[in-house]
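Here the structure comes first, spelled out in structure tokens, and everything after it is commentary.
Here the structure is a predicted model, which means the values were calculated and not measured.
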Amino acid sequence: MKTETGQQPGDARPERLWELIEAGVFLSEELDLSAVLRRIVETACRVIGARYGALGVLNEDRSGLSDFVFHGLTEEDRERIGHLPVGRGLLGALIQDPRPIRLSDLNSDPRSVGFPAYHPPMNSFLGVPVRSRGQVFGNLYLTEKQGASEFTEEDERLAIVLASQAGVAVENARLYEAARESEIEAARRLVELESVHELGSAVLSEIDPDRVLRMIAMRARELVRADTAAIALREDDNDELRVRVAVGVRAGSAEGLRIPLEGSFAEMTMSRREPMAVHDIATDERGFAPMARALYSRSVVFAPLVEGGEAIGVLGVMHGETGHFGRDELFAVSRFASLASFAFVNARLLEAERRRADMESELAEARVRSELQDQTLKAVIRAQEEERRRIARELHDSAGQALASILLGLKVVSQEKTFEDAKARLADLRDVTAEAASEVRRIALELRPSVLDDLGLEAALERYTKDFEERTALDVQLSIDLGDQRLEEEIETVVYRVVQEALTNVVKYAGARAVNVSVQRRNGMVCASVSDDGGGFDLADDETTGLGIRGMRERAGLVGGRLDVRSSPREGTTVELELPDKPRNG
């Protein structure tokens with residue numbers, strides 16, 4: 001039969017060749033394997049003029065078909081037919097002997113096994129193999145030649161060309177899929193490496209265990225694209241686990257949950273020390289299932305956390321879709337759990353080491369404080385002993401000698417023969433007694449002036465500086481401004497003793513002619529200073545060895561104050577005292 005152009009229906013018209021070229025261009029650009037298979041069948045039916053077309057993909061052992069892509073059938077036809085072909089009859093013959101088959105009536109061929117019920121009628125048939133890298137990938141099947149009773153030799157040549165293009169497209173798609181899988185695996189490995197680096201940094205940075213656990217859960221969730229990740233640890237050797245951290249979808253409701261171990265997936269994972277995947281945990285009553293249901297999870301992977309050969313808990317990752325995790329995720333979580341165990345155990349050890357170091361540091365500080373207290377106590381004792389020796393010397397040199405003179409004088413009086421002589425001798429004794437009484441009062445004043453207790457600091461300093469000026473012939477200028485309210489007793493005592501000690505040092509060491517004493521309240525503090533115009537001294541040589549200065553500083557420190565000394569040779573000396581202003585209650 002000829003068409004109006006005088007060509008047989010199967011002739012290679014220019015438009016058919018162009019369609020073939022365009023199909024080849026498309027197939028070379030398409031990288032999705034399923035799209036390539038559909039386009040091959042559609043293009044073959046259009047270019048070669050077939051009503052129905054299909055492409056069967058061979059299974060791994062090449063004994064049948066693992067996939068079957070069709071064109072021309074409606075979804076209703078597909079559902080009514082039922083199971084798709086698996087590679088018997090003519091389709092199986094093309095699998096066994098991958099050479100083109102062209103038939104005018106496939107039903108009359110002895111290799112045909114017929115059609116199932118509701119299958120549309122098919123007569124003419126053309127089948128060619130699709131090759132990829134020298135191997136048959138599958139077969140292209142075409143039936144029901146349009147406008148003719150059978151397919152022509154030209155149709156067969158065009159189908160073979162199209163199958164060759166399809167083979168290249170299939171190979172490209174397979175290589176692309178392999179590259180994508182490699183890229184995905186590389187990305188996963190990168191996440192693992194980043195996780196390992198971060199965990200290593202955590203160990204080196206001595207991050208605390210709770211923060212390490214949370215980081216482990218976050219990284220595990222990212223690693224396998226899970227909805228939620230949780231870590232449960234055994235506590236106090238009991239028969240349950242407690243969820244220490246959970247991250248992801250609704251994670252807050254899971255933290256702190258207690259999970260019975262007996263008969264649970266967690267117990268199985270920990271006892272075997274091997275990971276396990278559960279494709280649908282939502283209906284299971286064993287451990288983690290209640291938490292999984294609360295988190296709307298179905299697919300779960302468990303991996304043990306191990307310390308010293310013993311499982312101490314589990315790492316669980318969860319997803320809302322059944323069967324979300326496969327072999328790759330199981331392996332990745334298992335490997336990550338091993339690294340996580342190492343990081344967590346090291347963090348716990350480092351925390352224990354920090355606690356031990358902190359305790360040692362506290363003990364060392366306590367020892368230093370104790371030594372300082374001992375040194376302070378020794379200094380106070382030395383100062384007390386020195387004060388006792390000074391008082392003893394003064395009592396011996398002044399009051400003691402005066403009393404001895406009085407006793408001797410009384411003995412002489414008893415031996416006088418006339419009243420006039422006795423009266424003259426008694427007058428001398430009265431002068432010596434008055435002098436001794438004055439000396440005793442001075443010593444008592446230095447020990448603890450009663451006026452300090454009765455009238456306060458201002459009156460006590462006025463009396464002391466007046467007496468000091470009379471005894472030493474130094475010019476003492478006193479300036480006091482303390483207001484109307486008295487200071488606390490201990491503050492008054494410290495100020496009085498520091499002024500007293502500073503004036504004593506002026507007499508002993510300064511060689512001064514004048515002294516200024518100032519005591520004031522200023523900005524919430526009590527400030528006192530004693531300045532002389534004497535010869536001064538080098539602080540670098542004398543400050544650390546002067547017992548008097550150390551004693552004054554210790555007195556100030558006991559009430560939260562401080563004492564500074566400024567001096568240099570030929571420039572005089574200034575002692576400055578600063579104490580907290582503590583008004584006396586009542």
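- For S531 (side chain) and N516 (main-chain N/O), no donor-acceptor pair under 3.5 Å exists by modelled atom type.
- Each of V314, L241, L305 was evaluated against L233; a single residue qualifies, L305, per the side chain to side chain contact (heavy atoms under 4.5 Å, CB included) test.
- A salt bridge does not link R244 to E255: none of the charged nitrogens lies less than 4.0 Å from a carboxylate oxygen.
- Smallest separation of non-hydrogen atoms from A226 and M318: CB-O, 3.4 Å.
- Screening residues 513-529 for salt bridge (charged side-chain N to carboxylate O under 4.0 Å, His left out) gives R521-D581 as the qualifying pairs, with residues at least two apart or on separate chains.
- Atom CZ of R566 sits about 8.5 Å away from atom OG of S529, to the nearest 0.5 Å.
- Closest approach of R242 and G256 over heavy atoms only: CG-O, 3.8 Å.
- Listed here is the closest heavy atom pair of P580 and G560: CD-O, 3.8 Å.
- Taking all atoms of both residues into account, the shortest heavy-atom contact from F302 to G316 is CD2-CA, 4.3 Å.
- In this structure a side-chain-to-backbone donor-acceptor pair under 3.5 Å is present from R221 to D227.
- Contact detail for P275 and T269: the closest heavy-atom pair is CA-CG2, 4.5 Å.
- Of the inter-residue distances, the one linking E492 atom CD with L482 atom CG reads 8.0 Å to the nearest 0.5 angstrom.
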Would you check, one step at a time, whether the test side-chain contact (heavy atoms from CB on, under 4.5 Å) holds for E470 with K466? CA-CA 6 Å; E470 291 175 353; K466 182 179 180 180; 3.8 Å; yes

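- Crowding of M218 atom CE: a count of heavy atoms from other residues, nucleotides or ligands under 6.0 Å not exceeding 12.
- Remark: side-chain polar atoms of E469 are paired, donor with acceptor, to backbone N or O of V476 under 3.5 angstrom.
- Counting only heavy atoms from C-beta outward, the side chains of V565 and T574 never approach each other to under 4.5 Å.
- Side-chain N or O atoms of D532 include none that pairs as donor or acceptor with a backbone N or O of A512 at under 3.5 Å.
- Among all heavy-atom pairs drawn from L503 and F468, the shortest one is O-CZ, 3.5 Å.
- For S567 (side chain) and G536 (main-chain N/O), no donor-acceptor pair under 3.5 Å exists by modelled atom type.
- Looking only at side-chain heavy atoms (C-beta outward), V494 and L558 stay at 4.5 Å or farther from each other.
- Checking side-chain atoms of R553 against main-chain N and O of L563 turns up a donor-acceptor pair under 3.5 Å.
- In this structure, H324 and H319 have parallel ring planes: the angle between them is below the 30° cut-off, well short of the 60° mark.
- If you take OH on Y509 and OG1 on T504, they are separated by 9.5 Å, rounding to the nearest 0.5 Å.
- Each of L461, L577, D481 was evaluated against V519; a single residue qualifies, L461, per the side chain to side chain contact (heavy atoms under 4.5 Å, CB included) test.
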Worked verdict on E490 versus T493 for side-chain contact (heavy atoms from CB on, under 4.5 Å): CA-CA 5 Å; E490 63 178 352; T493 300; 5.5 Å; no

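- Residues satisfying the salt bridge (charged side-chain N to carboxylate O under 4.0 Å, His left out) criterion with D475, sequence neighbours excluded, are absent altogether.
- Annotation: side chain of V317 is not in contact with side chain of V300 (no heavy-atom distance under 4.5 Å).
- Here R471 pairs with D467 in a salt bridge; the nearest charged N to carboxylate O distance falls below 4.0 Å.
- Side-chain contact check for F325 versus V333: every heavy-atom pair is 4.5 Å or farther apart.
- For E274, there are no salt bridge (charged side-chain N to carboxylate O under 4.0 Å, His left out) partners two or more places apart in sequence or in a different chain.
- V247 is not listed as a side-chain neighbour of T228, based on a closest heavy-atom distance of 4.5 Å or more.
- The shortest side-chain heavy-atom distance between I480 and L478 falls under the 4.5 Å cut-off.
- Under the 4.5 Å side-chain criterion, counting only non-hydrogen atoms from C-beta, M552 is in contact with I549.
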Between S271 and R273, is a side-chain contact (heavy atoms from CB on, under 4.5 Å) present by the stated rule, with each step listed? CA-CA 6 Å; S271 61; R273 291 197 288 280; over 6 Å; no

Assess the residue pair L474 and V507 against the criterion (side-chain contact (heavy atoms from CB on, under 4.5 Å)); give the C-alpha distance rounded to whole Å, side-chain angles, the decisive distance to 0.1 Å, and a yes or no. CA-CA 9 Å; L474 286 172; V507 173; 4.2 Å; yes

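- Taking 4.5 Å as the limit, some side-chain heavy atom of V526 sits within range of a side-chain heavy atom of V495.
- For the atom pair T465 OG1 and Q500 CD, the distance stands at 12.0 Å (nearest 0.5 Å).
- Using a cutoff of 4.0 Å between basic side-chain nitrogens and carboxylate oxygens, D564 and R562 are scored as salt-bridged.
- The distance from the CD atom of E267 to the CZ atom of R272 is 10.5 Å, given to the nearest 0.5 Å.
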